[in-house]
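Residue numbering restarts at 1 for every chain, and letters A, B, ... go by the order of the sequence lines.
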2 protein chains.
Amino acid sequence: MDMGADCHHEDGVHPGLAGPVLADALVLAERRCAATQERLTAPRRRVLELLLESDGPQKAYDLIAAFGAHGEPAKPPTVYRALEFLERLGFAHRIESLNAYVPCRLDGQGHRAAFVICECCGAAEEFEPDFATQLAAAAPSGYAVRSVTLEARGLCPACQAG
Amino acid sequence: MDMGADCHHEDGVHPGLAGPVLADALVLAERRCAATQERLTAPRRRVLELLLESDGPQKAYDLIAAFGAHGEPAKPPTVYRALEFLERLGFAHRIESLNAYVPCRLDGQGHRAAFVICECCGAAEEFEPDFATQLAAAAPSGYAVRSVTLEARGLCPACQAG
DNA sequence: AATGATGCGTTATGAGATAACATAACGAGT
DNA sequence: ACTCGTTATGTTATCTCATAACGCATCATT
């Protein structure tokens, strides 16, 4: 995406978790895994941690580079497998139009995710596409819609003001 | 996308143009370019032709491979530049979740494109997202939405029946 | 013709993702 | 505790997707 060279704003919508808040989020994820007999293994947990710490959408190779505790990168499959797991459980989402990943900011698992993406600062905000059911009606006749990818672009409030 | 191993359907929604119908479509494209002082150059025209001939979403490297008249592939930038042009003029759309391209099947230029994609046969059907304006309201507070990427997945009528 | 803008051809490389295979960890049943 | 099937990981290599950078060609205007 072209962010425009004249944007001086920071990613600020989701500042990224740290300290006890981050720890809590990870514990919550552990619990949700335990409840469904899924395993939040070390690499999965690490990738989730990196996503939660981040201020905005993360590229897979950013995660790969940041994976190791002392600067050693991960191997690509390690991170891609973890991302696949996190998406499956609803802990993370892929933003197709950015080739990037974000942690889920909403509670419900299995929900349909939708995003607004600021073309200026790159922030991505998740929202609940309540109208997904409307979509099924709006879609061409006869299609049985099962999932929806919805990514809207525009300007976040800060970038409109600035 | 996982199309499922058990689908025996063909891409049938848009059979691909040929002969006089194809020629007409290209002439129409020429006219629309001329009207806005844009140039439908040879590589651009060739890529549009390949898209119009196709039965379904085409990958960039499929187009690259098919570009030459006698089996010689194009160089990647040739095709990517043509696709960029065709998208800009509304003659083609990129489907993000497939990394693939389709010719525009609707008349209006500059419209917001939306797609339903059959998870079984891979067909992609374009439709007009009339509710895009509703989206602006549904989006998180304060975002000024400028464009929307909407890609729904499900089963086309033929694949539901079969 | 000179000029400036746009587009093309070419080489090379960057960015994103996965196939394939071997090894290791878990967990249910005995 | 053992063994067996399953699930997950480590590793290497490769595949797919896309663009940077450069020089030349083409076209419209002067």
Side-chain angles (χ1 to χ4, degrees), chain A residues 1-3 5 29-30 33-48 50-51 57-69 72-89 91-102 122 149 151, chain B residues 1-3 5 29-30 33-51 57-69 72-89 91-102 122 151:
Chain A
M1 176 173 44
D2 178 14
M3 289 300 160
E30 295 270 20
C33 284
T36 55
Q37 309 201 303
E38 297 280 357
R39 294 159 59 198
L40 189 63
T41 60
R44 292 167 176 177
R45 183 188 164 97
R46 176 58 176 150
V47 171
L48 177 56
L50 288 170
L51 289 174
Q58 296 293 293
K59 302 277 198 172
Y61 274 71
D62 293 340
L63 300 170
I64 287 166
F67 186 87
E72 307 91 6
K75 304 292 173 63
T78 301
V79 166
Y80 280 106
R81 285 164 177 163
L83 288 169
E84 181 183 15
F85 171 85
L86 295 172
E87 285 195 78
R88 182 162 58 79
L89 267 69
F91 291 136
H93 301 293
R94 172 179 166 80
I95 301 184
E96 299 286 349
S97 60
L98 296 178
N99 291 349
Y101 302 84
V102 291
T149 295
E151 298 168 13
Chain B
M1 177 173 46
D2 178 14
M3 290 299 161
E30 296 270 20
C33 284
T36 56
Q37 308 200 302
E38 298 280 357
R39 294 159 58 198
L40 189 62
T41 60
R44 292 168 175 177
R45 182 188 165 97
R46 176 58 176 150
V47 171
L48 177 56
E49 182 180 31
L50 288 170
L51 288 175
Q58 295 293 292
K59 302 277 198 172
Y61 274 72
D62 294 340
L63 300 170
I64 287 166
F67 186 87
E72 307 90 8
K75 304 293 172 63
T78 300
V79 166
Y80 280 105
R81 285 163 177 164
L83 288 170
E84 181 183 15
F85 170 85
L86 295 172
E87 283 194 79
R88 180 161 60 79
L89 268 69
F91 291 136
H93 301 294
R94 172 179 165 81
I95 302 184
E96 299 285 350
S97 60
L98 296 178
N99 290 350
Y101 302 84
V102 291
E151 297 169 12

Heavy-atom protein contacts under 4.0 Å, nucleotides 9-19 of chain D, coded B base, S sugar-phosphate only, - none: BBBB----BBB
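- The aromatic rings of Tyr80(A) and Tyr101(A) sit perpendicular to each other, their planes meeting at more than 60°, with 30° as the lower class boundary.
- Shown here for Leu63(A) and Val47(A), the closest heavy-atom pair between the two residues is CD1-CG1, 4.3 Å.
- More than 12 heavy atoms of other residues, nucleotides or ligands lie within 6.0 Å of CD in Glu30(A), so this atom counts as buried by the packing criterion.
- A side-chain donor from one of Ser97(B) and Glu151(B) sits under 3.5 Å from a side-chain acceptor of the other.
- When all heavy atoms of Glu38(B) and Arg88(B) are compared, the pair lying nearest together is OE2-NH1, 3.1 Å.
- Of the possible donor and acceptor atoms, none in the side chain of Arg94(B) sits under 3.5 Å from a partner among the backbone N and O of Glu87(B).
- Summary of helix geometry: the two end axes of the helix from dA1(C)-dT30(D) to dT30(C)-dA1(D), each defined by five base pairs via their C1' atoms, are inclined to each other by 30° (rounded to 10°).
- Residue Leu51(B) comes nearest to Ala92(B) through the heavy atom pair CD1-CB, 3.7 Å, listed as atom of the first residue, atom of the second, then distance.
- Protein chain B touches strand DNA chain C; the 5'-most and 3'-most nucleotides with an atom under 4.0 angstrom of its non-hydrogen atoms are dG7(C) to dT11(C).
- Looking at Cys33(A) and Phe85(A), their side chains come closer than 4.5 Å, going by heavy atoms from C-beta outward.
- Positionally, the nearest nucleotide of DNA chain C for Arg39(B) lies more toward the 5' end than for the other of Arg39(A) and Arg39(B).
- Considering every non-hydrogen atom in both Pro57(A) and Gly122(A), the closest pair reads CD-O, 3.6 Å.
- The CG atom of Leu86(A) sits 7.5 Å away from atom CG of Leu40(A), with the distance rounded to the nearest 0.5 Å.
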